Amino acid sequence: MKSFYLTTAIDYANSSPHIGHAYEKVLADVIARFRRLMGDRVFFLTGTDEHGQKVQQSARARGIAPQQFVDEVSAEFRGLCTKLNISNDDFIRTTEERHKRVVRELLQRLFDKGEIYRAEYRGFYSTRQEQFLQEKDRKPDGTWPEIFGEVTEIVESNYFFKLRSYQDWLIDFLKRHENFIFPSYRQKEAVEFLAEPINDLCISRPRERLEWGIPLPFDEKFVTYVWFDALVNYYSAVVDKPEFWPADIHVIGKDILVPHAIYWPIMLHAAGLPPPRALLVHGWWTQRGAKMSKSTGNVLNPLDFVTEFGVDAFRYFVVREMNVGQDSDFTREQFLVRYNSELANNLGNLVNRTLNMTTRFAGGIVPAVEIAEEHERELRVLWEKTREEAIVLCEGFQFHTALERTVIFITAINIYIDQRAPWKLAKSTVPRDAALLRSALGTMAEALRLGATLLQPVMPATTEKIRAALGYTPTAAWRGELAWSPRLNGAQVSPGLVLFPRPEEKQKSEVRGQVPE
Ligand code: ME8
């Protein structure tokens, strides 16, 4: 069995989760579930990034100790994972002892190897924001924006990691591993970044300026720079599980490409550890084109959508809507369009038609298929094509297209039902029509079971509900479950199942099912 280790970025424990965080977890979860279904032994890690200036400031603003502050925020992120049905195997917090120990060991190892040195750091410092500024922070006229308050040039003694001496190694590594970063245009970006000489990385902060961090093992007057601490989480979580190193994929957003594509492989290589196999870099959720973030105030709470529409509808929407790598706009209007057209009216409707008709015309027992004509053959051919394409698409992280293909198949089942019109066949007294009716009912039930199986990585709870309503318990591995077969013959179905009630009609639809045939 192949081991497969994947991670998300660990979220800053300085504010509540938003759609961006929720998306990243769902995306990684879809990969984790897909790999498990494909037979891999998966280890899936997520967690929270709890040290650093921002956290210290946020805790101060609330007038509580940083540890209490991160305990609260981290619990919120953990709660988000539960509500989103994320199948993570571990949740790491950078304030945990198991992590701090590994960070200190790694730092000591690098220090002993001569990869870390002490030097003067000269820069412009904003006391109000408690941070060093960069040239790019200046206004076009050379002055500093108001938010920084008084800016002074200071010189500070710090520790530096010899990033630059590994620049050529990394350039060569990226050449040899063309598919290290997905999508490939992000790999290009990393290569371009390396076209100019890179600076060594300042990896310490004096404790008098920043208390909230991991003390350097070789100089306790300093704490570790938060990125040098945070990146190591991927390694510290599996330090006693060598079969899961190196990581197969780190799932991250595009704003943190440089730490993951530049610092992280070099840190590992310098410490004598193999770098990760791949980075999957997703885009941003925007609202009317602007990045959703706490500072811009346009943050949508993912849990509002989960409460209103259900976890699977939320998971479906974000995976269906975003082409992995590119940005996407998140609007309630677009959510409703997909919810109504693809979930309620298409899949939800199919489920109800299948259950209702099997109940009305076959006493709730799925009949065997006796006749397979053009309509049945076409549906089956489409299924074989859909299954093969969807798997290849999922392997290449093209989940949105895999879902699109699945929706086309679901639509085709609804069209098949219209063509066969079981309600007409049920009225006929011709014996062949009775056989056709049984065949149509058997075909639609099996097609629905297959479509639902293909949706499993994205909507695991929905797949289970559909299976249960079809009176079916899976018996084979996933690939086997995706084979068209007579396994539903004789199954006892439920009379109805409301999966995606229309928001405006929730009350009514709960009583009478979603859409009449
Ligand atoms: O960057 N759309 O934490 P974070 C999509 N602690 N993704 C978004 C997003 C948006 N609008 N906003 C944020 C950090 N993200 C560090 C990571 S890893 C060793 C340390 C993504 O809470 C972002 O790109 O700011 C990142 O991958 C993740 O959410 C956590 O962001």
Side-chain angles (χ1 to χ4, degrees), residues 8-22 24-25 46-83 91-101 103-104 123-134 137 144-152 154 156 158 202-216 219-233 255-256 291-304 307:
T8 67
I10 48 170
D11 306 315
Y12 275 131
N14 67 337
S15 57
S16 297
H18 55 67
I19 299 278
H21 297 125
E24 188 170 296
K25 290 187 199 311
T46 188
T48 39
D49 183 358
E50 306 191 359
H51 289 125
Q53 194 95 35
K54 288 187 201 163
V55 170
Q56 184 170 296
Q57 280 168 354
S58 304
R60 255 188 215 153
R62 286 240 341 249
I64 56 175
Q67 188 64 52
Q68 185 191 342
F69 180 78
V70 293
D71 285 350
E72 284 175 20
V73 181
S74 181
E76 245 190 284
F77 277 97
R78 209 187 272 263
L80 177 76
C81 291
T82 310
K83 293 203 171 97
F91 187 100
I92 194 163
R93 301 181 54 190
T94 54
T95 50
E96 284 174 296
E97 217 33 64
R98 61 167 171 159
H99 171 73
K100 293 195 260 187
R101 182 177 59 77
V103 170
R104 284 164 65 89
F124 290 94
Y125 189 75
S126 150
T127 323
R128 183 185 295 170
Q129 298 291 338
E130 297 186 42
Q131 71 179 78
F132 275 101
L133 306 178
Q134 295 179 350
D137 294 322
W144 300 102
E146 187 57 18
I147 49 156
F148 296 124
E150 194 193 344
V151 176
T152 42
I154 61 171
E156 195 175 89
N158 265 310
C202 178
I203 55 146
S204 66
R205 299 291 182 265
R207 268 173 105 162
E208 69 241 25
R209 197 152 66 63
L210 177 66
E211 252 308 304
W212 190 238
I214 303 175
L216 295 183
D219 191 342
E220 302 263 330
K221 291 193 293 304
F222 292 85
V223 297
T224 312
Y225 169 48
V226 68
W227 270 106
F228 210 94
D229 161 354
L231 286 163
V232 178
N233 90 88
D255 51 327
I256 54 174
K291 187 194 176 205
M292 243 180 264
S293 74
K294 200 81 186 168
S295 47
T296 48
N298 56 349
V299 184
L300 284 176
N301 184 346
L303 295 180
D304 293 345
T307 308

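In this chain, numbering begins with 1 at the start of the sequence shown. What you see is a predicted model; the values in this text were computed from it and never measured.
- In this structure, the separation between CD on Glu72 and CD on Gln68 is 5.5 Å, given to the nearest 0.5 Å.
- Shortest non-hydrogen contact noted between Val73 and Ser15 is CG1-O, 3.6 Å.
- Atom CG of Leu216 sits about 9.0 Å away from atom CG of Asn158, to the nearest 0.5 Å.
- By the 4.5 Å heavy-atom criterion applied to side chains, Pro302 and Leu80 are counted as neighbours.
- We find the NE2-CG distance between His99 and Asp229 to be 4.0 Å, quoted to the nearest 0.5 Å.
- Asn14 has its side chain out of reach of Gln57: every pair of non-hydrogen atoms, C-beta onward, lies at least 4.5 Å apart.
- Across Val55 and Ala13, no two heavy atoms sit closer than the pair CG2-O, 4.0 Å.
- At a threshold of 4.5 Å between non-hydrogen side-chain atoms, the residues Trp227 and Ile256 count as touching.
- For the pair Thr95 and Glu50, the tightest heavy-atom approach, listed with the atom from each and the gap, is OG1-OE1, 2.6 Å.
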- Message: Could you walk me through whether Glu156 and Tyr125 satisfy the side-chain contact (heavy atoms from CB on, under 4.5 Å) test, starting with their C-alpha distance in whole Å, then the side-chain angles of each, then the deciding distance to 0.1 Å, before giving a yes or no?
- Response: CA-CA 10 Å; Glu156 195 175 89; Tyr125 189 75; 5.6 Å; no
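- Atom-to-atom distance recorded for Arg62:CZ and Phe69:CZ is 6.0 Å, nearest 0.5 angstrom.
- The backbone N or O of Glu24 lies less than 3.5 Å from no partner atom in the side chain of Thr8, so there is not a single donor-acceptor pair.
- Side-chain contact check for Gln67 versus Trp212: some heavy-atom pair is nearer than 4.5 Å.
- With a 4.5 Å cut-off on side-chain heavy atoms, Val223 and Glu211 do not count as touching.
- Put simply, the side chain of Gln53 does not reach to within 4.5 Å of the side chain of Val226, judged on heavy atoms.
- Annotation: side chain of Ile10 is in contact with side chain of Thr94 (closest heavy-atom distance under 4.5 Å).
- Put simply, the side chain of Arg93 reaches to within 4.5 Å of the side chain of Arg78, judged on heavy atoms.
- Smallest separation of non-hydrogen atoms from Phe91 and Ser74: CE2-OG, 3.6 Å.
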Quick one, Ile203 with Phe222, criterion side-chain contact (heavy atoms from CB on, under 4.5 Å). Give me CA distance, side-chain angles, the key distance, then yes/no. CA-CA 9 Å; Ile203 55 146; Phe222 292 85; over 6 Å; no
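- The OH atom of Tyr12 lies 12.5 Å from the OG1 atom of Thr48; values are rounded to the nearest 0.5 Å.
- Closest approach of Phe148 and Ser126 over heavy atoms only: O-OG, 2.9 Å.
- Few gaps surround CD on Glu220; more than 12 heavy atoms of other groups in view lie less than 6.0 Å from it.
- Although no hydrogens or angles enter the test, the distance criterion places no donor-acceptor pair under 3.5 Å between the side chain of His51 and the main chain of Ala230.
- Here Lys54 contributes atom NZ and Asp49 contributes atom CG; the two are 9.0 Å apart, rounded to the nearest 0.5 Å.
- Of all heavy-atom pairs between Ile92 and Arg98, the closest is CA-NH2, 3.5 Å.
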